[in-house]
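Report on the structure given below.
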Amino acid sequence: MAQYSAMLDGVFLALADPTRRAVIHRLGRGPASVGDLAREATMTLPSFMKHVRMLESNGLIRTAKSGRVRTCELNRERFAVVEDWLAQQRRLWEGRTDRLERFVTDTQERKPT
């Protein structure tokens, strides 16, 4: 569970930055070169590469180099970690709100009129 937690922490940390979210959004349309992605960002290439490394080190993207061009693509499987966590949270909170609703309804029904 600790490894799962560390993985989830890394994914959320990577997604916490708007530049990295923009990269993820763009890669949702298909693979792109680092150069093309960097042109869409308002920063120098070395600064942009830090974002690429963060996304790659947390497993959200994969990169491959062919000659002088490094291409990035989404690692869609990694998003399953977030989906699983969100589904777990949704079940937890839906259960709590269902219990609260039952409590309120039962209390109102028992109230003397």
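Between the CG atom in L86 and the CG atom in L8 there is a gap of 8.0 Å [rounded to 0.5 Å]. The line from CG of L92 to CZ of R90 is 12.0 Å long, rounded to the nearest 0.5 Å. To the nearest 0.5 Å, atom CZ of residue R53 and atom CG of residue N58 are 13.5 Å apart. Atoms CD and CZ, on E40 and R26 in that order, are 6.0 Å from each other to the nearest 0.5 Å.
The two residues G28 and R76 come nearest to each other via the heavy atoms O-NH2, 3.6 Å. Contact record, P31 with T71: CB-CG2, 3.9 Å, taken as the closest heavy-atom pair. Of all non-hydrogen atoms in L45 and A38, the two that sit nearest each other are CD1-CB, 3.8 Å. Minimum heavy-atom separation, E56 to R62: OE2-C, 4.4 Å. Of all the heavy atoms in R78 and L60, the pair that sits closest is CG-CD2, 3.6 Å.
With contacts defined as side-chain heavy-atom distances shorter than 4.5 Å, the pair L55/T63 does not qualify. You'll find the side chain of M49 reaches within 4.5 Å of the side chain of V34, heavy atoms only.
With hydrophobic clusters built from ILVMFWY side chains whose heavy atoms lie under 4.5 angstrom apart, I24 shares a cluster with W85. Put simply, M7 and L74 are part of the same group of oily side chains (I, L, V, M, F, W, Y) that touch within less than 4.5 Å, one to the next. Cluster membership check: I61 shares its hydrophobic cluster with V11, using side-chain heavy-atom separations under 4.5 Å among Ile, Leu, Val, Met, Phe, Trp and Tyr. L27 and V81 fall within the same hydrophobic cluster, defined by Ile, Leu, Val, Met, Phe, Trp and Tyr side-chain heavy atoms under 4.5 Å apart, directly or through other members. One hydrophobic cluster, built from ILVMFWY side chains closer than 4.5 Å, holds both V52 and F12.
Using modelled atom types, no side-chain atom of R20 and backbone atom of L15 make a donor-acceptor pair closer than 3.5 Å.
Within a 6.0 Å sphere centred on CZ of R68, heavy atoms belonging to other residues, nucleotides or ligands number 12 at most.
Counting only residues at least two apart or on different chains, no ring pair (Phe, Tyr, Trp, His ring centres under 6.0 Å) pair has a member in residues 50-81.
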Let me see the working for V23 and C72 under side-chain contact (heavy atoms from CB on, under 4.5 Å), right down to the final yes or no. CA-CA 9 Å; V23 169; C72 302; 5.9 Å; no

